[in-house]
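Start at 1 with the first residue, then count along the sequence.
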Amino acid sequence: MFSIGAFAKYGGVSVRMLRHYDAVGLLRPAHVDPHTGYRFYEADQLARLNRVIALKELGLTLDQVRAFLDGELAAGELRGMLRLRRAELASAMAADAARMAQVEARLLMIESEGQMPSDDVVIKRVPAMRVAELTSVVESFEPHLINPVITSLYEELWSRMQTAGIRAGGAAVAYYENPEGPVTVHASIPVEGEPARSHDFSVVDLPEVEAATLVHKGPAEQVIPSVQALAQWIDTHGYTSMGPAREVTLSCPHCGDHAVTELQEPVARR
């Protein structure tokens with residue numbers, strides 16, 4: 001037999017945790033000295049301890065762990081719990097990855113401050129266009145909120161356009177409205193003429209604008225440094241923003257570092 005301290009060492013847990021497991025009936029000592037109250041454990045109990053820790057780390061409550069180990073929880077129920085936990089962990093990992101991308105983007109912004117790509121900004125006339133579009137509303141302009149929504153909108157819009165027999169007439173154009181509150185996200189694709197039959201998406205005419213433009217190369221999650229560089233250029237060169245900014249997908253939106261997006265900010269001279 002092992003003392004509680006030795007058993008804690010072999011099990012990779014704390015003495016306090018073993019005492020708690022004893023108190024809740026999850027892992028009783030093999031023997032308790034009636035005179036001293038010292039707890040003693042057998043080597044075979046390490047197997048139960050390992051299962052307790054593993055199930056607990058998967059997110060099960062101590063009551064669920066005890067029910068499973070004591071045979072009160074059916075295998076099907078446990079599989080359902082573990083699948084749910086797996087989905088929760090996958091979602092948390094995706095959220096952490098998105099936050100890491102935002103941290104890297106902010107670091108890039110800080111490192112590139114004062115290095116405005118003035119030669120890369122072009123003022124040009126963007127012609128009017130008719131677009132098919134779907135919209136949604138997100139809480140703010142944070143990329144990790146907007147990007148999943150815009151991706152989903154485009155997937156749905158492509159599907160609906162195919163069903164309606166409508167072909168794209170140009171590169172996808174995303175634009176955003178209501179900067180002082182919830183953001184209306186527009187996922188738009190140019191089309192030629194008015195669809196001949198009923199459809200389950202909007203058809204909108206975007207006006208001709210004069211725009212300051214900058215090409216962003218890389219994933220959408222890292223677009224903020226380019227957006228800020230364009231804003232700096234606009235302010236420094238005596239322009240003011242005039243309406244919703246647009247993002248035109250020039251190449252491979254899902255290609256990470258190989259994606260190319262043109263940022264278009266409608267402007268006028270101050």
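Distance OH/Y154 to OG/S188: 5.5 Å, rounded to 0.5 Å. Within the model, atoms CD of E262 and NE2 of H216 stand 13.0 Å from one another, a figure rounded to the nearest 0.5 Å. Interatomic distance, CG of L134 versus CD1 of I150, reported as 9.5 Å (0.5 Å rounding). To the nearest 0.5 Å, atoms CG (L153) and CD1 (I146) are separated by 11.0 Å. Atom OG1 of T61 is separated from atom NZ of K56 by 11.0 Å, given to the nearest 0.5 angstrom. Between Q162 atom CD and I166 atom CD1 the span is 11.0 Å, to the nearest 0.5 Å.
Residues D33 and H35 come closest through the heavy atom pair OD1-N, 2.7 Å. Heavy-atom minimum distance, P29 versus Q45: C-NE2, 4.1 Å. The minimum heavy-atom distance between V267 and I234, with the atom names listed, is CG1-CD1, 3.9 Å. Shown here for L157 and A132, the closest heavy-atom pair between the two residues is CD2-O, 3.5 Å. For the pair D200 and R160, the tightest heavy-atom approach, listed with the atom from each and the gap, is O-NH1, 2.6 Å. Between R130 and D205, the shortest heavy-atom contact is NE-OD1, 2.7 Å.
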| said: The test is side-chain contact (heavy atoms from CB on, under 4.5 Å); show your working for L55 and L69 and say whether it passes. | reply: CA-CA 10 Å; L55 294 170; L69 294 179; 4.2 Å; yes
| message | Could you go through V215 and D120, starting from their C-alpha distance and side-chain angles, then the distance that decides it, and tell me whether this counts as side-chain contact (heavy atoms from CB on, under 4.5 Å)? | response | CA-CA 8 Å; V215 174; D120 297 334; over 6 Å; no
| Please walk me through it: do M100 and D96 pass side-chain contact (heavy atoms from CB on, under 4.5 Å)? | CA-CA 6 Å; M100 180 61 72; D96 288 341; over 6 Å; no
| Should V24 and R66 be marked as a side-chain contact (heavy atoms from CB on, under 4.5 Å) after you check the CA-CA gap, both sets of side-chain angles, and the distance that decides it? | CA-CA 9 Å; V24 299; R66 180 171 53 245; 4.2 Å; yes
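Aromatic ring orientation, Y176 versus F141: perpendicular (interplanar angle above 60°, classes split at 30° and 60°).
Between the side chain of S91 and the main chain of A87, no donor-acceptor pair closer than 3.5 Å is present. With hydrogens and angles disregarded, a donor-acceptor distance shorter than 3.5 Å links the side chain of R28 to the backbone of D22. Put simply, the side chain of T163 gets close to the backbone of S159: a donor and an acceptor are under 3.5 Å apart.
When hydrophobic clusters are built by joining Ile, Leu, Val, Met, Phe, Trp and Tyr residues whose side-chain heavy atoms come closer than 4.5 Å, directly or via intermediates, V204 is grouped together with V209. Placement of F40 and L27 in two distinct hydrophobic clusters is found when ILVMFWY residues are connected by side-chain heavy-atom separations under 4.5 Å, directly or transitively. Under a hydrophobic clustering in which Ile, Leu, Val, Met, Phe, Trp and Tyr are joined whenever their side-chain heavy atoms come within less than 4.5 Å, directly or via other members, V185 and L145 fall into different clusters.
Side-chain contact of T261 with E247: a donor-acceptor pair under 3.5 Å is absent, judged by distance alone. Between the side chains of Y175 and Q264, no donor-acceptor pair of N or O atoms lies under 3.5 Å.
The environment of CZ in R167 is sparse: at most 12 heavy-atom neighbours from other residues, nucleotides or ligands sit within 6.0 Å. The local environment of CE in M242 is sparse, with at most 12 non-hydrogen atoms from other residues, nucleotides or ligands closer than 6.0 Å. Counting non-hydrogen atoms of neighbouring residues, nucleotides and ligands closer than 6.0 angstrom, the CZ atom of R51 reaches no more than 12 such neighbours.
The shortest distance between side-chain heavy atoms of T135 and E177 does not fall below 4.5 Å. Contact of the H237 side chain with the I123 side chain is not registered, since no non-hydrogen atoms from C-beta on lie closer than 4.5 Å. Residues W158 and I189 meet the side-chain proximity criterion, which asks for heavy atoms closer than 4.5 Å.
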Do any side-chain atoms of residues 3-21 form donor-acceptor pairs under 3.5 angstrom with protein atoms, and if so which ones, sequence neighbours left out?
from : atom 1 : to  : atom 2 : distance (Å)
S3   : OG     : A6  : N      : 3.2
S14  : OG     : M17 : N      : 3.0

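Less than 6.0 angstrom separates the ring centroid of H199 from the ring centroid of F201.
Taking the salt bridge (charged side-chain N to carboxylate O under 4.0 Å, His left out) definition, one finds that R270 meets it with D235, sequence neighbours left out.
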